[in-house]
Amino acid sequence: MNNDSKQEKIRLKCQIIENITTGVLVLDGQKIIYANPWILNKIGYTEDEIYSAESFVQFTMPEYVDMIVDYNKKRTAGDTNLPTQYEIKVMSKSKEIMWFDCNVSTFKDGDEKINVLFFMKDITEFKKTEENYTAIFEISPDAILLAEKNTGEIVKINRAFTEIMQYNMDNLKFLSLYDIIIDNNKDKIIKCIQNNVVRQKRMMMKIKDNSTIHVSLSVSPLTIQTNNYIIAIIRDVTELVNQEEKMVRFLSKNKALYSSLMILLDNISYFVWIRDLFGNILFANKPLRKLFGVEEDFINLNGTDLTPLFQFGNSCIENNQEVMESKKEGVFTETVTINNKDHIFRTTRTPILDKDKNVIGVSCIAAELVDTTYIDDRLQSFKKYSEEKNQIISNIINSIKIKKEK
């Protein structure tokens, strides 16, 4: 390669670094000897301000000073067993705290002196989002954990998890999410979790004192730097299950009453269904099952999620929530689309309360309203026809009266 080609290659490299949308810093020891335009613009300092500073750490937050100084000393001394990627916080000229993800390496200059090279990516917005997520994570009344998807190894738990499950992170060093699931279908549940298809699944879990509780588990996938995790939301439904078991015992003792009630509900012309707190349908009568094309008879007292069988739509879900929050009966006109056909329901939703006046579900009874558009159009046409006919008759009568008077 001739000298002109080398110079052209160097010029091209410099042009790329000058225009790249990533921060580039070169340090000689602790002192900045080069900063590209992107990083200068990002933190708001001029070249003179940057190059006149005695050390890069003048621009970083205090908690990172010792780490950066130590790493730079070791790097320039030839140590290669150091982290090449880490996050730091920088104070901009306008006093804004900014987060950067740094990829750090070294190179030798013309005098064979080792310089430190920083590539810096702005992750400030990501960190703000992460902080908001952490706040939600901590204040949630439901137990939440972050776990490695394949092994179930628990990485992080919130305060509610410790309160409900009694475990802290020290207790979980040798336990995974999959270890605390106690269920006859455990293998199937684990497979569903790893396939991200768990939504409000009822199961038993073991708490620290080795007793068990009933929970509702929902799982969402999360990828962090190519690693696959799951966020598991665990809701204690032991009290709700106890209420349901009481209902089962009551129905078992009153079989004749239960049988009569089911026959009655299956043979009325109204649609009747019952939802629990989580929206799961516990009962649907025969007219409703027929409308949705659900053939089997069922009363779903184990809380299995059957919402895929009965897709009522968002407005119905919102109305259900309104009734639960107000603890008052509500009457709603709702449009439900079934097999691409709209059905208009006039639905009365009533909260179901336990002995302590806590809402444990909602009972719904609905009548389908007939589409009256065609009838209204015919009535309007008939009304217009009648008015015209009456006008003609009136004209004839008036004409006869006039003739008689003459």
Under 4.5 Å between any side-chain heavy atoms of [X] and [Y], yes or no?
X: I33; Y: Y51; answer: no
X: I231; Y: I144; answer: yes
X: K186; Y: I190; answer: yes
X: R349; Y: E322; answer: no
X: M98; Y: K42; answer: yes
X: I157; Y: M169; answer: yes
X: D179; Y: L177; answer: no
X: F59; Y: V57; answer: no

At their closest point, which heavy atom of [X] faces which heavy atom of [Y], and how far apart are they?
X: L82; Y: Y71; answer: CD1-O, 3.7 Å
X: I164; Y: I207; answer: O-CG2, 3.9 Å
X: L217; Y: M203; answer: CD2-CE, 3.5 Å
X: Y86; Y: R75; answer: OH-NH1, 4.1 Å
X: E47; Y: L40; answer: CG-CD1, 3.5 Å
X: F161; Y: L172; answer: CE2-CD1, 3.9 Å

Should the ring pair F100 and W38 be called parallel, tilted or perpendicular, given that the plane angle runs from 0 to 90° and is split at 30 and 60?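 Rings of F100 and W38: perpendicular, as their planes differ by over 60°.
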If we ignore hydrogens and angles and just use 3.5 Å, is the side chain of [X] paired with the main-chain N or O of [Y] as donor and acceptor?
X: Q85; Y: V104; answer: no
X: K121; Y: C102; answer: no
X: Q58; Y: E54; answer: yes
X: N158; Y: D142; answer: yes
X: K201; Y: I193; answer: no
X: D70; Y: M67; answer: no
X: T162; Y: N168; answer: no
X: D266; Y: K286; answer: yes
X: Y34; Y: V24; answer: no
X: T124; Y: W99; answer: yes

If the threshold is 4.0 Å, N to carboxylate O, is there a salt bridge linking E368 and R346?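 No, E368 and R346 are not salt-bridged.
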To the nearest 0.5 Å, tell me how far [X] [atom1] sits from [Y] [atom2].
X: L145; Y: I230; atom1: CG; atom2: CD1; value: 7.0 Å
X: I32; Y: I50; atom1: CD1; atom2: CD1; value: 4.5 Å
X: K208; Y: L175; atom1: NZ; atom2: CG; value: 11.0 Å
X: K149; Y: N228; atom1: NZ; atom2: CG; value: 5.0 Å
X: E153; Y: F174; atom1: CD; atom2: CZ; value: 11.0 Å
X: M324; Y: L353; atom1: CE; atom2: CG; value: 12.0 Å

Side chain to side chain contact (heavy atoms under 4.5 Å, CB included) assessment of T212 paired with M205: CA-CA 5 Å; T212 56; M205 279 193 174; over 6 Å; no
May I have the step-by-step check of side chain to side chain contact (heavy atoms under 4.5 Å, CB included) for I181 and I189, ending in yes or no? CA-CA 9 Å; I181 294 174; I189 291 171; 4.2 Å; yes
Residues, nucleotides or ligands: over 12 heavy atoms within 6.0 Å of [X] [atom1]:
X: Y45; atom1: OH; answer: yes
X: R235; atom1: CZ; answer: no
X: E49; atom1: CD; answer: yes

Quick check on side chain to side chain contact (heavy atoms under 4.5 Å, CB included): which of S363, P351, C364 does V323 satisfy it with? P351
When F118 is tested against each of T22, N72, N103, I39 for side chain to side chain contact (heavy atoms under 4.5 Å, CB included), which residue passes? N72
Within 45° of the axis and under 6.0 Å from the centre of the six-membered ring of F137, does NZ or CZ of K156 qualify?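 Output yes; distance and angle both within limits.
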Quick one: do the E329 and T350 side chains pair a donor with an acceptor below 3.5 Å? yes
Any luck finding a side-chain donor-acceptor pair between Q194 and N150 under 3.5 Å? no
Test log, rule side chain to side chain contact (heavy atoms under 4.5 Å, CB included), inputs V90 and M61: CA-CA 6 Å; V90 173; M61 298 301 289; over 6 Å; no
The test is side chain to side chain contact (heavy atoms under 4.5 Å, CB included); show your working for E96 and M91 and say whether it passes. CA-CA 6 Å; E96 178 187 359; M91 177 74 79; over 6 Å; no
